[in-house]
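Each remark here refers to the structure printed beneath this line.
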Amino acid sequence: MSPEQETTDVRRIPFTCTLDCGTRCELVACVADGRLVRIDTPHARDDSVQFPRLIPCVRGRAHRRAHNAADRVLQPLRRSGPRGSGSFEPMSWDDALDELAERLVQARDKQGPLSILHATGAGSISGRGLNGADASRRFFSHWGPVTEIAGNMSVHCVTMAQQWMLGSHLPGSDRATLLDSRLILLWGMNPAENQMGPNTAHFIAEARDRGARVVLLDPRYTDSGVLADEWVPLRPGTDAALVAAMAHVMFAEGLADTEFLERCTTGHEAYRSYVLGEVDGVPKTPAWAAPITGVSAETITRLARAYATERPAALLAGWGPQRTRYGEQSARALMALACVSGNVGLRGGGLGGYGTRGGGGGIEMGALPMGTYAPGRRLPPGSWAPSILEGQLEPAPSLLYIVASNLVNRSPNSLANLAALERIPYVVVHEPWMTPTARHADLVLPINTDLERSDLVTSWGHDSHLFYSQQALASRGASRTDYWVFAQLAERLGIGEAYTQERTEQEWLDVLLAESPMALDDLEDTGILRRDPPPRVALEAFRHDPDAHRLSTRSGRIELQNPDAVAYGLPDVPAYVETEPGPVGYPLQLVTPHHKLRSNSCLDANPWLRRLEPHTAWIHPADAAERGIAEGDTVLVEAPGGRVRIPALVTPRIMPGVVSVAQGTWLALDAAGDDVGGCANTLTEHTLSPTGGPTTHTAWVQVRRLDHG
Ligand code: SF4
């Protein structure tokens, strides 16, 4: 087709990448004769340094391959062989829905609604709207009080820490305020790969061009290293120790912002006593922290002085440090450090930086309304499997209904998750692709991709964009929307009218916009509504006048000492708590970070993305040499609960003593029970932090070279 023909024959249809990657992006489907010619980006958009466009990454641009992937589920499938064998027989939608309706009624009538487990995630769609979790929650809210596998896999510990210290979850400053930073600490944050809010990497790069220094603190030299002036390798789980030593330098050298501490915080005297060793006789000096953290005393001292004096300085904390055994302490400590340095409430500064924004000049979008039934019971997403395997649930599960979640892959300890699934008599999965979870289901229902449905979604962690993602292609095979499936099922179960309120999906989209100043038609051409309010500085008003802008803590101030933590067996201040050593024979610490070519465990079905970068275990040259491992060797990464077989990447981009297996590839067991797919959660455990947070960055492994031939 010539370019001239394209201009006349190709329709450009805006749609949205709804992956849970850390942002959301505008895409355009170029369609001719019902066929997807290519994925493009919008031709024209307002664009400025302060309010930049949303530029899609390779994952979004590869939507066509995900849509056409060989692993797409195109018909309802009923299992016809042993679980996990991949043997399924196709069936009609009518038969599938009749069977499912009958199974649901049987389970509810015989064992009660609590025996039905309902699991959701941010899989095939993330960001509210008609599909995914909201569609299934609405269904069960009209049908019965089932058990929901729900909770916060992402930011549990920081949510707890913020509740204790700030009284509620408060978003951080807008990323545009980084343009005013003189120093940016990327503490376990990797925006070059994980976005962490729209255009975070753009603002950091721009700030650096304007003279800011950027320091990356991470066990790995991630791709965000290109944004940084310096990499400080930091041992996983030791963040609170590094913070204590930096605070020691600030207190000892008179660099702490005592005016801010006294005016805006409580408990700073107790934290100071801990840091100076007045309580336990152990001053938390840089020399004390160096062997714990792997960071030299000189570097700790230098960092502390810089963070206290090069103001405004932003401390952008990623989510890895708080997905650890004592993640609450990491999260509390990082917020405490921002307070000791006095960088809170300053434009260009920032307290932790966990959220981006919410409220205040943003865009409101409604949500699908819920019915009368709340879930009768909730199981944490990080530890649902043990409660099944240990027989803790009464009534025992009779049916598991999974929507938008590759549950086996995305929860810690995938082999135990599989074993738990085996205990459940009937498992149904909504999926666009044949994931490992779907392979172990009894009924797999084919679901549309972003290209095949219309929906409204909001920005990720931000409220300045609203996307109208429009259906560009007819459904492949018999795939349908989650909403359609639940509407059909509701009809069979006598709650059809309650579920649909006799609205079409398109009519529901108008309802979701009822509170917005925009109508759906206004969004049709561009696919996006964008607001560009002035960049917001978190806690600015509080810093200015803490009495007039009290926080919802007991004191109204930021509380560095908190008795609520003690109830969970934690120190009352953000002290370092040493992680228990790994079991004998597993000397290396494992981290399981997100990867730039996947979004959680989505996209392993996309052949383009798989080819771009092989899945590997990162290991430091010294650890590799000790084990006779050379670059590219296939290695066995062994944890107490499972084994993964993948190539080694021998690289100084990871600190000694630490191994990295990025999450998101799919579990694939060979005859020996080894995972040749390289699923990171084959190696993680169900251990929780003291308040119940997932600990997927606290795991221990051994790595061995496999003999060739
Ligand atoms: S994966 Fe994320 S960054 Fe990439 S196109 Fe999709 S929303 Fe944008």
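Both ligands and their constituent atoms are indexed starting at 1 by order of listing.
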If we ignore hydrogens and angles and just use 3.5 Å, is the side chain of Trp231 paired with the main-chain N or O of Asp218 as donor and acceptor? yes
Treating Arg175 as the side-chain partner and Met196 as the backbone partner, does any N or O pair qualify as donor plus acceptor under 3.5 Å? yes
Under 2.8 Å from atom 6 (Fe) of ligand 1, which protein N, O or S atoms are there? Could you list them by chain and number? Cys17 SG
For Thr665, is there any backbone N or O sitting under 3.5 Å from a side-chain donor or acceptor partner on Asn409? yes
Quick one: do Glu505 and Arg453 make a salt bridge, cutoff under 4.0 Å? no
Arg598 and Leu609: CA distance, side-chain angles, deciding distance, side-chain contact (heavy atoms from CB on, under 4.5 Å) verdict: CA-CA 8 Å; Arg598 298 182 287 276; Leu609 299 180; over 6 Å; no
Within the 6.0 Å centroid threshold, strictly below: Phe15 and His63: yes
